[in-house]
Amino acid sequence: MIVMETLEEIKRDILNCKKCPLHLTKKNYVPGSGSGSAGVVFIGEAPGREEDLKGEPFVGSAGKLLTEMLSSIGLTRDEVFICNVLKCRPPNNRDPLPEEVEACGKFLIRQLNTIKPELIVCLGRHSASFIFDLFGLQFSSITKLCGKVFEVEEWGKKVKILPLYHPAAVLYRPQLREEYERHFRLIGELCGKGRKQKTLFDF
Ligand code: URA
């Protein structure tokens with residue numbers, strides 16, 4: 001008999017994790033937040049300074065942009081699930097190491113198996129390359145893939161995967177903002193929020 005675990009049970013395991021040395025340098029574990037019944041999961045790379053202090057994902061400046069983008073398509077943070085590949089902050093926000101991704105990624109896989117989302121939004125290349133590997137898709141670069149919708153069969157249904165720029169990249173390069181807004185309108189359409197934008201072909 002397969003017994004499904006809850007997000008709370010996974011959170012309890014995350015809060016006790018000592019599988020890699022990041023638990024020694026972090027201030028707080030950052031398991032993820034929002035609704036498990038959402039059907040939409042946003043996945044970032046790893047907690048930053050603010051997230052480490054608060055134990056919540058995406059609460060710093062990149063998080064403010066993410067919250068703003070969600071609100072622009074009529075979604076609140078509580079209506080979706082937001083998390084990261086790593087649940088502990090790497091010192092000085094360095095890139096995740098392969099062994100950290102290997103160890104911590106198992107929690108993310110358990111979270112996805114519990115939520116069984118219809119749409120997975122990957123924020124940035126670390127998240128996208130993890131999710132592409134997981135679902136047997138070929139990852140190239142975030143610049144090439146961002147804004148393109150991929151579809152896989154999982155949990156007995158079709159699941160969409162959308163790689164996007166990390167919000168921090170958009171803060172760093174404001175010229176990406178317009179494209180980012182377009183990508184979020186696409187998320188709105190994919191999850192039935194917001195109106196389909198008219199294209200030239202609709203006229
Ligand atoms: N960057 C991430 O990838 N995740 C966070 O939670 C915050 C910043």
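Taking every heavy atom of both residues into account, C20 and H23 meet most closely at O-ND1, 2.7 Å. The minimum heavy-atom distance linking P117 with K157 is given by the pair O-CE, 3.9 Å. Across all their heavy atoms, I142 and A128 have their closest contact at CD1-CB, 3.9 Å. The minimum heavy-atom distance between L86 and P96, with the atom names listed, is CD1-CB, 3.5 Å. Between K148 and K144, the closest heavy-atom pair is NZ-O, 2.6 Å. Smallest separation of non-hydrogen atoms from C191 and L75: SG-CD1, 4.1 Å.
Looking only at side-chain heavy atoms (C-beta outward), F58 and T67 stay at 4.5 Å or farther from each other. The shortest side-chain heavy-atom distance between V121 and V80 does not fall under the 4.5 Å cut-off. At least one side-chain heavy atom of I82 sits under 4.5 Å from a side-chain heavy atom of L70. With contacts defined as side-chain heavy-atom distances shorter than 4.5 Å, the pair L22/P91 qualifies. Between K26 and P47, the closest side-chain pair of non-hydrogen atoms is not below 4.5 Å. Taking the side chain as every heavy atom from C-beta outward, E181 and V170 never approach each other to under 4.5 Å. For the pair P57 and C83, the minimum side-chain heavy-atom distance is 4.5 Å or more. In this structure, the side chains of F81 and T114 stay at 4.5 Å or more apart for every pair of heavy atoms.
Taking the six-membered ring for Trp and thresholds of 30 and 60 degrees, H183 and Y165 have ring planes inclined between 30 and 60 degrees apart. Between F132 and F150, the two ring planes are perpendicular [angle over 60°; tilted spans 30° to 60°].
Open room surrounds CD on E178; 12 or fewer heavy atoms of other groups in view lie less than 6.0 Å from it. More than 12 heavy-atom neighbours from other residues, nucleotides or ligands sit within 6.0 angstrom of CD on E151. The 12-atom threshold is exceeded at CD of E153, counting heavy atoms of other residues, nucleotides or ligands nearer than 6.0 Å. Around the NZ atom of K116, the shell of radius 6.0 Å holds more than 12 heavy atoms that belong to other residues, nucleotides or ligands.
Listed by first and then second residue, the salt bridge (charged side-chain N to carboxylate O under 4.0 Å, His left out) pairs that reach into residues 56-72 are E68-R177, sequence neighbours excluded. Sorted by first then second residue, the salt bridge (charged side-chain N to carboxylate O under 4.0 Å, His left out) pairs that include residues 28-47, not counting sequence neighbours, number zero.
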As a quick check of understanding, evaluate side-chain contact (heavy atoms from CB on, under 4.5 Å) for D52 and R49, giving each step before the final call.
CA-CA 5 Å; D52 183 46; R49 189 174 160 276; 5.7 Å; no

Could you give me the CA-CA distance, side-chain angles and deciding distance for S140 and L145, then say whether side-chain contact (heavy atoms from CB on, under 4.5 Å) is met?
CA-CA 7 Å; S140 50; L145 300 176; 3.6 Å; yes

Show, in sequence, the C-alpha distance, side-chain angles and deciding distance for I14 and R110, and conclude whether the side-chain contact (heavy atoms from CB on, under 4.5 Å) test is met.
CA-CA 11 Å; I14 293 171; R110 287 169 61 188; over 6 Å; no

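Here the CZ atom belonging to F107 is positioned 4.0 Å from the SG atom belonging to C17, to the nearest 0.5 angstrom.
Both L123 and L190 are assigned to one and the same hydrophobic cluster, defined by single-linkage of ILVMFWY side chains at heavy-atom distances under 4.5 Å. Note: the hydrophobic cluster containing L112 does not contain V149 (ILVMFWY, side chain heavy atoms under 4.5 Å, direct or indirect links). I187 and V159 are members of different hydrophobic clusters when ILVMFWY side chains are connected at heavy-atom separations under 4.5 Å. Under the 4.5 Å side-chain contact rule for hydrophobic residues, W155 and I115 share a cluster. In the hydrophobic clustering of ILVMFWY residues, with side-chain heavy atoms under 4.5 Å counting as a link, L164 and I131 come out apart.
For R12 and N16, the side-chain atoms include no donor-acceptor pair closer than 3.5 Å.
With respect to L134, the side chain to side chain contact (heavy atoms under 4.5 Å, CB included) criterion is satisfied by exactly one of V152, I109, I120: I109. In summary, of the residues considered (L162, I161, V85), a side chain to side chain contact (heavy atoms under 4.5 Å, CB included) with C122 occurs for I161 alone. Of the residues listed (K11, K87, K106, E5), the one engaging Q111 in a side chain to side chain donor-acceptor pair (under 3.5 Å) is K87, and it is the only one.
In this structure a side-chain-to-backbone donor-acceptor pair under 3.5 Å is missing from E179 to L176.
D13 has no carboxylate O lying under 4.0 Å from a charged side-chain N of K19, or vice versa, which leaves the two without a salt bridge. The pair R89-E51 fails the salt-bridge criterion, with no side-chain N (NZ, NE, NH1 or NH2) lying under 4.0 Å from an Asp/Glu carboxylate O. Contact check on K158 versus E154 returns no salt bridge, with no Lys/Arg side-chain nitrogen under 4.0 Å from an Asp/Glu carboxylate oxygen.
Here F130 pairs with nothing under the ring-ring contact (aromatic ring centres under 6.0 Å, His included) rule; sequence neighbours left out.
For H126 and F139, the distance between ring centers is not under 6.0 angstrom.
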